[in-house]
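Below, chains carry the letters A, B, ... as their sequence lines are ordered, and counting in each starts from 1.
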Amino acid sequence: MSKDILVTTAWPYCNGDLHIGHIAGAYLGADIFARYQRLRGNNVLMVSGSDTHGTPITVRAEEEGITPREVVDRYHPRFLTLWQKLGISYDLFTETDTENHWQVTQDFFLTHLKNGYIYKDTMKQWYCLDDQQFLADRYVEGTCPYCGYPEARGDQCDNCGRILDAIELINPRCRICGGTNLEIRETEHFFLDLAKLNGPLLEWIKEDKEHWRPKVLNYTRAQLESGELRGRPITRDIEWGIPVPVPGYEHKRIYVWYDAVIGYYSATLEWSHLTGQPDAWRTWWTQPEARTYYFIGKDNIPFHTIIWPGMLIAYGGLNLPYDVPANEYLNVEGRQLSKSRRWVIEVLDVLERYDPDPWRYTLTAIMPETGDVNFTWEEFIRRNNDELVATWGNLANRVLSFAYKHFDKRVPTPGPLDERDVELLRASEAAFDEVGGHIDAVRLRAALRAARRLAESANKYLNEKEPWKQIKTDRAAAATTIYVALQVIDRLKVLFYPFLPFSSQKLHEYLGYEGNIMGRQWVEEVREKERKHLVLRYDGSDIPIRWEATTLQPGQSLRKPQPLFRKLDPKLAEEEVERMIRGSQGA
RNA sequence: GGCGGCGUAGCUCAGCGGUAGAGCAGGCGGCUCAUAAUCGCCGGGUCACAGGUUCGAAUCCUGUCGCCGCCA
């Protein structure tokens with residue numbers, strides 16, 4: 001029976017390029033999950049988009065003397081390129097600065113207001129007398145009240161790392177004009193009444209959460225049970241963002257955290273319109289059996305297990321998250337990734353020098369599912385050479401080459417199977433349940449390990465059967481062995497497909513099949529009434545494989561095989577580390 | 001200060017109540033179809049430390065030490 005599954009990922013801030021920590025934290029896992037579920041025949045929709053609002057964007061814009069929209073126009077297309085190069089198969093990757101998203105967000109706001117979940121209150125904020133405006137946290141700098149660092153930002157001190165309330169700053173300065181002519185004034189804002197949602201959220205968290213990761217569940221439960229939730233401001237005194245749809249508040253904007261999570265829903269609506277099925281979104285949002293998965297990093301847990309579910313309850317009628325498989329952090333060479341300290345491995349950059357599948361492989365093998373992990377270049381090279389190339393790529397290559405050379409470039413016809421043949425074939429059938437079960441439970445490291453074990457079994461099988469000896473004495477026996485081995489690598493092609501779609505596509509072709517198993521990705525321009533924006537779309541409806549043991553036809557013509565993966569020179573590890581150290585100096 | 005996590009073979013980690021595991025590194029051997037790839041064997045650990053629960057604990061509980069996050 002086909003299930004309806006909505007797969008979403010965190011919405012990346014559109015103010016810079018993504019690094020491998022982002023990929024390992026959220027985006028890659030979501031793609032593996034989505035590709036697998038599609039092969040299972042489930043009704044999958046995977047959506048996300050660029051987060052275009054908030055001070056990270058405006059700060060970036062000011063640093064470069066351009067508009068926020070120009071920042072978005074630079075980085076959003078780069079995200080679209082990255083998804084295509086890495087094979088992240090969003091059915092729709094859009095952005096938040098669209099008429100659709102604005103309208104849906106304003107609808108949420110007004111519905112929350114009508115339902116009594118939004119209230120007005122005043123808060124204290126710095127006001128710049130020279131600029132005659134309120135200053136959002138990121139627009140005030142001053143001395144940190146805790147460590148005395150003179151360059152602390154209003155939201156956080158970069159020196160001691162503390163989260164600050166801007167009004168605590170000593171000797172505050174305006175970041176817009178540089179002046180110190182500031183005073184604290186009261187400003188009126190709208191607040192989401194999370195206290196009112198505490199009870200309903202507690203009820204929700206108690207039922208059917210056994211599949212949640214312990215860390216996510218414990219954290220959420222602790223917050224809901226002990227920490228009394230407090231109202232959270234939804235609006236800010238800035239100019240970039242979605243206007244507040246209430247007369248008299250035209251100069252305020254909706255706070256980015258509120259509109260960004262609504263993107264999960266608005267993107268589904270946009271997809272429905274683009275595909276000409278205006279009601280299709282209901283499949284995932286209103287049918288109780290539908291499941292929604294949110295792939296995010298651990299810093300985002302409360303937004304997805306408390307705030308967004310609360311917003312959905314307050315809105316009414318929409319499905320709450322089924323699972324929030326949050327990942328932890330990926331460090332590199334023992335140091336935390338940091339854009340400001342220039343300690344990053346940017347994905348678009350490394351994809352200039354390396355193929356996508358080795359990254360997908362390594363980042364899955366060390367995916368931070370239960371704790372922080374450490375990526376090293378040395379391990380990347382080792383996993384590529386010892387696991388991808390030696391175990392899997394070489395298995396495919398040795399079998400294909402043998403068949404191509406000795407059996408007239410065709411799949412040989414097998415004779416009677418012996419126990420050993422049957423044993424391996426059975427293991428390859430069982431692997432679909434084993435690997436699939438792990439992916440269903442979002443245990444992707446375990447899933448990849450299980451697939452690799454089958455490849456190891458196939459290598460053992462060949463060494464025991466020794467078809468290179470059989471071919472000299474008993475051609476029929478060699479034919480059976482090679483048929484069995486081809487059958488198994490054809491199945492491994494499917495088993496590895498969610499993780500390594502690019503190389504599975506190649507193998508699919510070497511085995512003599514036709515057709516595209518990766519699906520098709522394309523960028524298109526969406527025109528609304530007054531604005532237009534770029535989106536990435538995906539069509540996997542023609543994919544000719546399913547999540548089940550394949551049966552290879554004897555006599556099928558093979559194509560000339562090529563190695564699936566390249567070996568990497570171990571010296572590269574040192575070079576890459578040096579490149580990073582050089583890049584970080586002067587930061 | 002509060003909350004949480006981690007501490008298992010030289011290295012990276014899995015196991016989370018029933019006689020210590022994998023990969024890599026090291027040593028030896030088999031094979032030669034394959035990207036000198038593969039396959040087999042060997043050495044190597046008082047599972048941080050101290051108590052407790054249990055017929056039985058790396059696995060549960062308490063405390064100590066050492067790292068690391070998040071929040072105050």
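If you check B:G40, B:G23, B:A14 against the side chain of A:T370, the one that comes closest is B:A14. Of all nucleotides listed (B:G40, B:A34, B:G30), B:G30 comes nearest to the side chain of A:N463. Considering only the side chain of A:K215, B:G4 comes nearest among B:G4, B:U35, B:U12. Candidate nucleotides B:U35, B:C39, B:U38 were compared by shortest atom distance to the side chain of A:L564, and B:U35 ranks first. The listed nucleotides are B:U35, B:G69, B:U38; the one nearest the side chain of A:K298 is B:G69. Distance from the side chain of A:V389 is smallest to B:U35 among B:U35, B:G40, B:C31. The listed nucleotides are B:C24, B:A34, B:G23; the one nearest the side chain of A:D386 is B:C24. For A:R445, the listed nucleotide lying nearest its side chain is B:C13; candidates were B:G4, B:C24, B:C13. Side-chain atoms of A:R398 lie closest to B:A34 of the nucleotides B:U35, B:G4, B:A34. Of all nucleotides listed (B:A37, B:C31, B:U35), B:C31 comes nearest to the side chain of A:K469.
Among the protein residues, A:E387 comes within range of the sugar-phosphate backbone only, with heavy atoms under 4.0 Å from sugar or phosphate atoms but none that close to a base. If you check every strand for non-hydrogen atoms under 4.0 Å, A:P467 touches nothing. When heavy atoms are screened at a 4.0 angstrom cut-off, A:K460 is found touching the sugar-phosphate backbone but no base atom. Residue contacts shown for A:F565 include a base, since a base heavy atom lies under 4.0 Å away. In this structure, A:E328 reaches neither bases nor backbone, as no heavy-atom distance under 4.0 Å exists between it and the strands shown.
One atom, CG of A:N331, and another, P of B:C67, lie 17 Å apart when rounded to the nearest Å. One can place CD of A:E466 at 11 Å from P of B:C33, the figure rounded to the nearest angstrom. In this structure, A:F407 atom CZ and B:C33 atom C1' are separated by 11 Å, rounded to whole Å. Note: CD (A:E333) to C1' (B:C11) measures 14 Å, nearest angstrom. The distance from atom CG of A:D299 to atom C1' of B:C70 is 11 Å, rounded to the nearest whole Å. Between the P atom of B:C70 and the CZ atom of A:R221 lies a distance of 24 Å, rounded to the nearest Å. Nucleotide B:U12 holds its P atom 21 Å from the CG atom of A:N384, rounded to whole Å. As rounded to whole Å, 9 Å separates atom C1' of B:A22 from atom CZ of A:R452.
The partner of B:C31, taking Watson-Crick or G-U wobble pairs whose two distances both stay under 3.5 Å, does not exist in any strand shown. Across all strands shown, B:A25 has no partner, as no Watson-Crick or G-U wobble contact with both distances under 3.5 Å is found. B:C67 and B:G5 make up a base pair, with Watson-Crick or G-U wobble contacts both under 3.5 Å. Remark: B:G43 base-pairs with no nucleotide; criterion is Watson-Crick or G-U wobble with both hydrogen-bond distances under 3.5 Å. Both distances falling under 3.5 Å, in either a Watson-Crick or a G-U wobble arrangement, place B:C60 opposite B:G52.
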- request: Let me see the working for A:L572 and A:Y354 under side-chain contact (heavy atoms from CB on, under 4.5 Å), right down to the final yes or no.
  value: CA-CA 11 Å; A:L572 287 171; A:Y354 303 92; 4.1 Å; yes

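Of the C1' atoms belonging to B:G56 and B:C13, the separation is 27 Å, rounded to the nearest Å. A distance of about 32 Å separates the C1' atoms of B:U12 and B:G51, rounded to the whole Å. Using C1' as the reference atom, B:G4 and B:C39 are 45 Å apart when rounded to the nearest Å. Taking the P atom of each, B:U59 and B:C67 are spaced 22 Å apart, rounded to whole Å. Rounded to the nearest Å, the gap between the P atom of B:U35 and that of B:G44 is 37 Å. When the C1' atom is used for both B:C42 and B:A34, the distance is 27 Å, rounded to whole Å. For B:A25 and B:G10, the C1' atoms lie 8 Å apart once the distance is rounded to whole Å. The gap from the P atom of B:G30 to that of B:G40 amounts to 16 Å, rounded to the nearest Å.
Minimum interatomic distance between A:N374 and A:I366 (heavy atoms only, all atoms of both residues): O-CD1, 4.5 Å.
When the nearest nucleotides of RNA chain B are assigned to A:Q562 and A:V373 by heavy-atom distance, the more 5′-ward of the two goes with A:V373. Where A:H406 and A:Y219 each meet RNA chain B at their nearest nucleotide, the meeting point lying more 5' is that of A:H406.
Below the 3.5 angstrom threshold, one finds no donor paired with an acceptor across the side chain of A:N394 and the base of B:A37.
Between A:E456 and A:K460, no side-chain nitrogen of the basic residue sits less than 4.0 Å from a carboxylate oxygen of the acidic one, so the salt-bridge criterion is not met.
The only member of A:Y329, A:W359, A:W343 that meets ring pair (Phe, Tyr, Trp, His ring centres under 6.0 Å) when paired with A:F375 is A:W359.
With values rounded to the nearest 0.5 angstrom, A:L495 atom CG is found 6.5 Å from A:L454 atom CG.
Ring to ring, A:H508 and A:Y497 are not that close: their centroids are 6.0 angstrom or more apart. Taking the six-membered ring where the residue is Trp, the centroids of A:F295 and A:Y27 are separated by 6.0 Å or more.
In this structure, the aromatic ring of A:F402 is not positioned over the six-membered ring of the base of B:C33 within 5.5 Å between centres and 30° between planes.
Counting heavy-atom neighbours within 6.0 Å of A:E186 CD, excluding the residue itself, gives a total above 12.
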